[in-house]
Amino acid sequence: MLLDTQTNLVIDHEIEQFFDSESKYTYEEYIQKAVQHVKSFLDRDQFYSGDFASDFGSKRHLIASNPDVRLDIKEALQEIKELYLDHTIAFHHPTYVAHLNCPVLLPAIVGDLVASSVNTAIETWDQSTSATLIEQEMIRWICAEMRLPETSDGVFTSGGTQSNFMALLLARDNYAFKHFGLNLKENGWSNVVSKFRFFCSEKAHFSIKKNAALMGMGYSSVIPVVTDDKMKMKPDALVQAIEKEKQSGNIPIAIIATAGTTDFGSFDPLETIAKIAKEYDVWFHVDGAYGGSYILTETHQHLLNGIEQADSVTIDFHKTMFQPVCSSAFLVRDTKHFKYVSYYADYLNPLEHRDVACPNLIEKSIQTTRRFDALKLWFSLKMTGAKTIGSFLEKVHYLALDLYYSIKNDLYFETVHKPELSTLVFRYTTPGVATDTIHDTINLYIKNTLFKSGQASVASTKLDGKIYLKFTLLNPKSTIDDLLNIIQMIKETGGKYEIHN
Ligand SMILES: *Cc1c(COP(=O)(O)O)cnc(C)c1O
């Protein structure tokens, strides 16, 4: 008897671990306690503790799970505070200006919590019902903002990289089918595909090349087109590159324009590129992972003119719509092109049971089980609103401009572009020192020193082989003084390097 009772006790305890009708109070308690701990993360005075991998050596036992010890919620949260919350990078902190990570909207966090708790898998109607309609509506909304036609459609993806993958895949398979009658999805590789060429600016995101390689076409299938002094693709150079490839016997199949390059935030001339794409009868993809959301602004909408002619579009809500990772979409001008990724599995979505009113989104995705990432965007649009999100984007753009004007004539800095979006690429220079290699070393020293000390996180990048620093501004609550404070740290750190060396 005793044994039975004990077993039951254990089982009761285990049963409490699930999200269900019997665990309501435990659920509430866990979430409330977790929220208490996460709040401490918001009170940090630095963006990062300054700890390196080696500093976690003494905490190895916390990282590993011990099969003999079971923690309660308080203990587990205390461990994760010590291990993670007190150390990790805080994107909301005004001294974090490195990469395309945004502070997140509170409504979006609520959406994520609801989606994770309910755990909807968005792949088939019978696993998601109205969640499918919500994702479709978010897609319809953004397609309408982009002024894409009625035939347009889209799907949520894990990020810009995956969206760009889908763009290249659809472009390739569509070209192969349209011009050579090839069904690559059914039959696989054909030699002519080795001649297919993609064109994008030399400042395009690396995922274009990476995806071309993943598709078996190699980096060399991507032809980089030179940019002008504003870091925008040069249309005449694009035409020349296309002609040159044709003369070599290769086959241009797609142009990828970037709306907001990762480093410079520059917009390729979409309308002109759209015309060129039409002329050569090739796929026109717009990578708007960073700049696509600026369709919601008054300041930048005109830079996206031409996107309505795109065959496909990448947009990252987890960059410029202040959503937690992941939240991203791939849009396509004509929904029928999703046929290149559709698969009809007997156990999930047999073709004979296809029902337009109750769609199975798996037919549009390269994933199977997929998170309900559209829900956080739904909360954000309902509670924050698209107009307000647009105003946040304008704010970070003006911050970048302010910063540019503040350092443009400073002898200690060299700027290379006027920000078109919300990044600023520049470098610290010591007046009188002309050698690039010294400047490279000092700028890397500045970046690493500020990071290691937890003072500020600034990114670096290369332009014409030289190292530059980069601010990526995505926090609308930052002020110019916050940024000038980092600029001051950069000057002081740069100055110290000279003294010590
Ligand atoms: C960030 C970025 C990507 C990649 O997006 P992920 O969401 O990180 O996969 C693609 N293109 C551009 C222009 C980007 O800035």
Side-chain angles (χ1 to χ4, degrees), residues 160-228 231-259 261-262 266 268-289 306-307 309-314 330 332-334 337 339-341 366:
T161 303
Q162 191 184 78
S163 297
N164 285 343
F165 180 86
M166 293 187 75
L168 299 195
L169 185 86
L170 265 56
R172 179 190 73 181
D173 287 18
N174 184 54
Y175 198 94
F177 180 69
K178 207 167 107 182
H179 295 269
F180 297 95
L182 292 168
N183 184 340
L184 298 184
K185 185 173 92 173
E186 291 275 344
N187 306 317
W189 192 258
S190 169
N191 279 341
V192 71
V193 176
S194 310
K195 295 189 171 145
F196 286 4
R197 291 293 178 270
F198 300 105
F199 297 80
C200 61
S201 101
E202 56 189 3
K203 306 288 190 298
H205 192 257
F206 70 84
S207 59
I208 305 299
K209 269 163 93 178
K210 180 172 165 173
N211 286 325
L214 292 174
M215 283 162 55
M217 298 167 74
Y219 293 161
S220 58
S221 67
V222 179
I223 307 297
V225 178
V226 292
T227 48
D228 62 16
M231 318 295 172
K232 295 165 179 282
M233 189 196 282
K234 278 179 152 174
D236 51 343
L238 171 64
V239 171
Q240 277 165 19
I242 291 175
E243 286 297 336
K244 187 167 165 239
E245 288 304 312
K246 282 177 76 173
Q247 272 158 27
S248 320
N250 291 324
I251 306 167
I253 63 158
I255 305 170
I256 296 103
T258 311
T261 56
T262 314
S266 49
D268 289 338
L270 303 186
E271 287 186 293
T272 314
I273 295 173
K275 262 190 218 135
I276 297 171
K278 210 166 251 155
E279 226 162 83
Y280 285 98
D281 192 20
V282 298
W283 191 275
F284 173 40
H285 176 65
V286 177
D287 180 359
I307 202 165
Q309 299 178 60
D311 289 299
S312 56
V313 173
T314 289
F330 171 70
V332 68
R333 172 172 214 82
D334 190 336
H337 287 127
K339 69 179 180 216
Y340 298 113
V341 294
I366 60 173

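- Distance alone, capped at 3.5 Å, is enough to place a donor-acceptor pair between the Thr261 side chain and the Ser266 backbone.
- Asn187 has its side chain out of reach of Leu182: every pair of non-hydrogen atoms, C-beta onward, lies at least 4.5 Å apart.
- In terms of heavy-atom proximity, Thr314 sits nearest to Gly160 at CG2-CA, 3.7 Å.
- By the 4.5 Å heavy-atom criterion applied to side chains, Ile242 and Ile255 are counted as neighbours.
- Side-chain contact between His205 and Thr161: present, with at least one pair of heavy atoms (C-beta onward) separated by less than 4.5 Å.
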Stepwise side chain to side chain contact (heavy atoms under 4.5 Å, CB included) check, His179 with Val192: CA-CA 11 Å; His179 295 269; Val192 71; over 6 Å; no
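- When atom types are taken as modelled, the side chain of Asp311 and the backbone of Phe284 share a donor-acceptor pair closer than 3.5 angstrom.
- More than 12 heavy-atom neighbours from other residues, nucleotides or ligands sit within 6.0 angstrom of NZ on Lys339.
- Contact of the Val239 side chain with the Glu279 side chain is not registered, since no non-hydrogen atoms from C-beta on lie closer than 4.5 Å.
- With Ser312 as the fixed residue, the side-chain contact (heavy atoms from CB on, under 4.5 Å) test singles out one of His285, His337, Arg333: His285.
- Across Lys232, Lys203, Lys234, a single residue satisfies side-chain hydrogen bond (donor to acceptor under 3.5 Å, both in side chains) together with Thr227, and that is Lys203.
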Do Tyr280 and Glu243 pass the side chain to side chain contact (heavy atoms under 4.5 Å, CB included) test, and can you show the C-alpha distance, the side-chain angles, and the key distance before you say yes or no? CA-CA 10 Å; Tyr280 285 98; Glu243 286 297 336; 2.6 Å; yes
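- Side-chain contact between Val193 and Arg172: present, with at least one pair of heavy atoms (C-beta onward) separated by less than 4.5 Å.
- In plain terms, the two heavy atoms of Ala274 and Gly306 that are nearest each other are CB-O, 4.5 Å.
- For the atom pair Phe330 CZ and Asn164 CG, the distance stands at 9.0 Å (nearest 0.5 Å).
- Nearest heavy-atom pair, Ala237 versus Val226, reported as atom, atom and distance to 0.1 Å: CB-CG2, 3.5 Å.
- The backbone N or O of Thr258 lies less than 3.5 Å from a partner atom in the side chain of Asp268, making a donor-acceptor pair.
- Residue Ile273 holds its CD1 atom at 11.5 Å from CD of Gln309, rounded to the nearest 0.5 Å.
- Between atom CZ of residue Phe198 and atom CG of residue Leu168 there is a gap of 4.5 Å, rounded to the nearest 0.5 Å.
- Here Met217 contributes atom CE and Arg197 contributes atom CZ; the two are 7.5 Å apart, rounded to the nearest 0.5 Å.
- Both tests hold for Lys209 against Tyr219: distance to the six-membered ring centre under 6.0 Å, angle to the ring axis within 45°.
- Here the side chain of Asp173 pairs no donor or acceptor atom with the backbone of Leu184 at under 3.5 angstrom.
- Closest approach of Phe199 to Leu238, counting heavy atoms only: CB-CD1, 3.8 Å.
- At a threshold of 4.5 Å between non-hydrogen side-chain atoms, the residues Leu170 and Val341 count as touching.
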Carefully, step by step, assess Phe180 and Ile251 under the rule side chain to side chain contact (heavy atoms under 4.5 Å, CB included). CA-CA 12 Å; Phe180 297 95; Ile251 306 167; 3.7 Å; yes
One pair to check against side chain to side chain contact (heavy atoms under 4.5 Å, CB included): Phe196 and Met215. What are the steps and the verdict? CA-CA 12 Å; Phe196 286 4; Met215 283 162 55; over 6 Å; no
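- Residues Ile366 and Met166 have side chains in contact (heavy-atom distance under 4.5 Å, counting atoms from C-beta outward).
- A pairwise comparison of heavy atoms in Val282 and Ala254 identifies CB-N, 3.8 Å as the closest pair.
- Expressed to the nearest 0.5 Å, how far CD1 of Ile253 lies from NZ of Lys178 amounts to 11.0 Å.
- Within 6.0 Å of the NZ atom in Lys185, the count of heavy atoms belonging to other residues, nucleotides or ligands exceeds 12.
- Between Ala167 and Trp283, the shortest heavy-atom distance links the atoms O-NE1, 4.2 Å.
- With rounding to the nearest 0.5 Å, the separation of SG in Cys200 from CG in Asp287 is 9.5 Å.
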